[in-house]
Asks: 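Would you mind keeping the following structure in view while I ask a few things?
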Amino acid sequence: MSTGRREQPPSSPLLQSEPDPYALAHPQEMYRLVRGAGAVVDLEGTVLVAGDEQVREVLRHPEVFSSGIDAAHIGQIRPLIPLQIDPPDHKNYRKILDPLFAPKRVATLEDHTRALVGELIAAVVDDHSCNFNKSVAEPLPTTVFLELLGLPVSRREEFIALKDGIIRPPGTDIDKRKKFVDETGQKIYAVLEEVVTAREAEPKDDFISGFLTAEVDGHTLTHDEVVDIGYLFFLAGLDTVTASLDCFVAYLARHDEHRRALVDDPGVIPDAVEELLRWETPVAGVVRITTTDTELGGCPIAAHTPVAVMLGSANTDEAAWPDAETVDFQRPDNKHLAFGGGAHRCLGSHLARMELRVALEEWHAAVPDYAIRDGIELNYSQGLRQIENLELVW
Ligand code: HEM
């Protein structure tokens with residue numbers, strides 16, 4: 001399989017032009033095609049890793065498959081923390097951050113999250129229709145997250161537009177998209193500089209103030225480090241749960257039996273969340289760059305090669321998963337890779353799981369039967385799979 005040599009230097013797959021909408025809506029078919037060509041596929045410039053075993057191997061070996069700043073350009077001027085810091089330094093940051101996102105800490109947010117989602121549902125339930133992305137999937141996690149971090153919720157729309165400017169830059173011209181991403185990155189830095197400086201002068205009860213005073217093994221975070229954590233959080237916290245809710249509700253709207261299973265027994269919801277994370281893999285892939293000449297699944301890879309790690313393909317690889325293409329809420333031992341794996345495994349997974357569970361519980365209690373509005377062809381975005389036109393009727 002070959003797409004010819006790239007004319008551009010390696011950059012984030014987020015900057016690549018839009019592929020076919022059908023393929024975005026049904027990525028599992030594309031994943032199968034790639035695996036048909038090999039568990040590891042050399043595209044003359046970028047290597048695709050599609051097999052479950054090989055994806056796990058990449059994630060376990062950051063010394064060979066680095067997440068450093070060269071792996072992805074997303075408008076940043078310094079490495080994003082902790083995502084673009086390789087071990088061993090990486091663990092110094094996780095020691096500070098992990099306790100903030102631990103299950104016990106997340107549990108304290110559940111009542112507030114439930115109240116928020118209740119308000120969002122109450123605003124549309126009597127309309128018998130809504131755009132689920134705009135009415136629930138976007139406002140819920142972004143409000144929870146901005147409150148937690150200490151960014152003003154009143155500027156939510158502005159922040160969402162900035163995050164979209166990095167993750168979904170407009171147009172198809174690679175150079176113009178890169179310029180747009182860089183300009184947007186500068187605006188995100190400006191917001192963070194403003195907030196971090198304000199918290200240095202006057203701390204509040206929020207994560208940014210907490211980062212500024214946290215100390216582990218004698219290590220405290222500098223002003224720039226707090227900004228660099230904030231930049232990553234801006235992207236990770238404002239998009240992923242929205243994408244997951246969109247993908248889940250779109251699936252459930254089209255699969256009556258699966259939806260009925262949740263409505264009849266809400267106790268199924270935690271397992272449904274895991275299985276839908278596996279099947280939909282809303283963060284479809286992550287990127288790495290090789291530090292040395294290496295070999296993976298029989299494929300030689302030169303040093304400094306960008307590697308696209310296809311989490312969605314690993315999660316639907318028939319060599320690793322029995323009945324990989326069946327969505328089974330009773331699937332035993334569901335060790336999917338939707339939150340990645342290894343040192344960089346998602347910091348926000350407990351928060352994300354709580355938000356997804358609570359949103360599905362409340363939504364299905366209020367709106368047990370719903371469908372996608374006739375005539376709508378769902379428009380999934382690339383990379384992080386949001387659905388802007390998720391129009392529902394009930
Ligand atoms: C369902 C929702 C989510 C999904 C599917 C998801 C997915 C992922 C994935 C795949 C990675 C690994 C990246 C890599 O290896 O290169 C990751 C890392 C990360 N995620 Fe999430 N994420 C979600 C929610 C969140 C939330 C809500 C936050 C906010 C706190 C968050 C914060 C992070 C951070 C900080 C990292 C970097 C961890 C590190 O490098 O040590 N994520 N996430």
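In listed order, ligands and their atoms are each counted from 1.
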Asks: Consider ligand 1: state whether an atom of it lies below 4.0 angstrom from any non-hydrogen atom of Ala338.
Replies: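 Yes.
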
Asks: If we set the cut-off at 4.0 Å for heavy atoms, which region of Leu337 has an atom near ligand 1: side chain, backbone, both, or neither?
Replies: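 For Leu337, there is no contact with ligand 1 at all, from either part.
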
Asks: Only heavy atoms count here, so choose which of Arg288, Arg353, His350 is nearest to atom 15 (O) of ligand 1.
Replies: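 Heavy atom nearest to atom 15 (O) of ligand 1 belongs to Arg288.
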
Asks: Using 4.0 Å as the upper bound for N to carboxylate O, is an ion pair formed by Glu275 and Arg278?
Replies: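 Salt bridge flag = yes for Glu275 with Arg278.
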
Asks: Using a heavy-atom cut-off of under 4.0 Å, does the side chain or the backbone of Glu355 touch ligand 1, or both, or neither?
Replies: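 No part of Glu355 is near ligand 1 at this cut-off.
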
Asks: Once you restrict to heavy atoms under 4.0 Å, what part of Leu83 touches ligand 1? Side chain, backbone, both or neither.
Replies: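 For Leu83, the contact with ligand 1 is made by both the backbone and the side chain.
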
Asks: For Lys179, is there an ion pair with Asp175 - N to carboxylate O distance below 4.0 angstrom?
Replies: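 Salt bridge: no.
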
Asks: Looking at atom 1 (C) of ligand 1, what's its closest protein heavy atom, distance included?
Replies: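 Nearest neighbour among protein heavy atoms for atom 1 (C) of ligand 1, to 0.1 Å: Ser244 OG, 3.1 Å.
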
Asks: Should the pair Arg114-Glu110 be classified as a salt bridge under the 4.0 Å nitrogen-to-oxygen rule?
Replies: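 Salt bridge: yes.
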
Asks: So, Arg357 and Glu361, do they make that salt bridge, N to O below 4.0 Å?
Replies: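 Glu361 and Arg357: salt-bridged.
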
Asks: Report yes or no: is the cationic atom of Arg259 (NZ for Lys, CZ for Arg) closer than 6.0 Å to the six-membered ring centre of Tyr370, at no more than 45° off its axis?
Replies: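 Yes, cation above the ring, under 6.0 Å and within 45°.
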
Asks: Are more than 12 heavy atoms, taken from residues, nucleotides or ligands other than Asp374, located less than 6.0 Å from that residue's CG atom?
Replies: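 No - once you tally the heavy atoms of other residues, nucleotides and ligands closer than 6.0 Å, there are 12 at most.
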
Asks: Suppose we measure from atom 12 (C) of ligand 1 to each protein heavy atom; which comes out shortest, and what is that distance?
Replies: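 Going by distance alone, atom 12 (C) of ligand 1 is nearest to His344 O, 3.5 Å.
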
Asks: Can you confirm, on distance only, whether ligand 1 has an N/O atom lying under 3.5 Å from any N/O atom belonging to His90?
Replies: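 Among all N and O atoms of His90, at least one is under 3.5 Å from an N or O of ligand 1.
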
Asks: In chain order, what residues pass the side chain to side chain contact (heavy atoms under 4.5 Å, CB included) check against Glu194, with sequence neighbours excluded?
Replies: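 By the side chain to side chain contact (heavy atoms under 4.5 Å, CB included) rule, Glu194 matches Arg155.
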
Asks: Which residues, ordered by chain and number, are linked to Leu59 in its hydrophobic cluster, where ILVMFWY side chains connect at heavy-atom gaps below 4.5 Å, directly or through other members?
Replies: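 For the cluster that includes Leu59, the remaining residues are Val40, Val47, Val49, Val55, Val58, Val64, Phe65, Val286, Leu296, Ile301, Val307, Val309, Leu311, Leu337.
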
Asks: Could you tell me whether Pro82 approaches ligand 1 through its side chain, its backbone, both or neither, with non-hydrogen atoms closer than 4.0 Å?
Replies: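 For Pro82, the contact with ligand 1 is made by both the backbone and the side chain.
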
Asks: Got a salt bridge between Glu225 and Arg78, using NZ or NE/NH1/NH2 to carboxylate O under 4.0 Å?
Replies: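 Between Arg78 and Glu225 there is no salt bridge, as every charged N stays at least 4.0 Å from the carboxylate O atoms.
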
Asks: Within ligand 1, which atoms have a heavy atom of Phe233 less than 4.0 Å away?
Replies: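 Numbered from 1, ligand 1 contributes 35 (C).
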
Asks: Which atoms of ligand 1 are found less than 4.0 Å from any heavy atom of Arg94?
Replies: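 Taking each heavy atom of Arg94 in turn, ligand 1 has 38 (C), 39 (C), 41 (O) under 4.0 Å.
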
Asks: Taking 4.0 angstrom as the limit, do Asp239 and Arg168 come out as a salt bridge?
Replies: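 Looking at Asp239 and Arg168, the cut-off is met.
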
Asks: Could you pull out the N/O/S protein atoms under 2.8 Å of atom 21 (Fe) of ligand 1, ignoring any water?
Replies: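 For atom 21 (Fe) of ligand 1, the protein N, O and S atoms that sit under 2.8 Å away are Cys346 SG.
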
Asks: Sorted by first residue and then second, give each ring-ring contact (aromatic ring centres under 6.0 Å, His included) pair with at least one member in residues 309-337; sequence neighbours left out.
Replies: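 Matches after skipping sequence neighbours: His258-Phe329.
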
Asks: Taking the side chain as every heavy atom from C-beta outward, state whether Leu24 and Arg385 have any pair of such atoms under 4.5 Å apart.
Replies: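 Sidechains of Arg385 and Leu24: no contact.
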
Asks: Parallel, tilted or perpendicular: which describes the rings of Phe234 and Phe159, with under 30° parallel and over 60° perpendicular?
Replies: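 Judged by the thresholds at 30° and 60°, the geometry between Phe234 and Phe159 is perpendicular.
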
Asks: Could you see which bit of Leu311 sits under 4.0 Å from ligand 1, with heavy atoms only: side chain, backbone, both or neither?
Replies: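 Only the side chain of Leu311 comes within reach of ligand 1.
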
Asks: Please confirm whether Phe145 comes under 4.0 Å of ligand 1, counting heavy atoms of the residue only.
Replies: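 Yes, Phe145 has a heavy atom closer than 4.0 Å to ligand 1.
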
Asks: Could you find the nearest protein heavy atom to atom 30 (C) of ligand 1 and give me its residue, atom name and distance?
Replies: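 The closest one turns out to be Phe101 CE2, 3.2 Å.
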
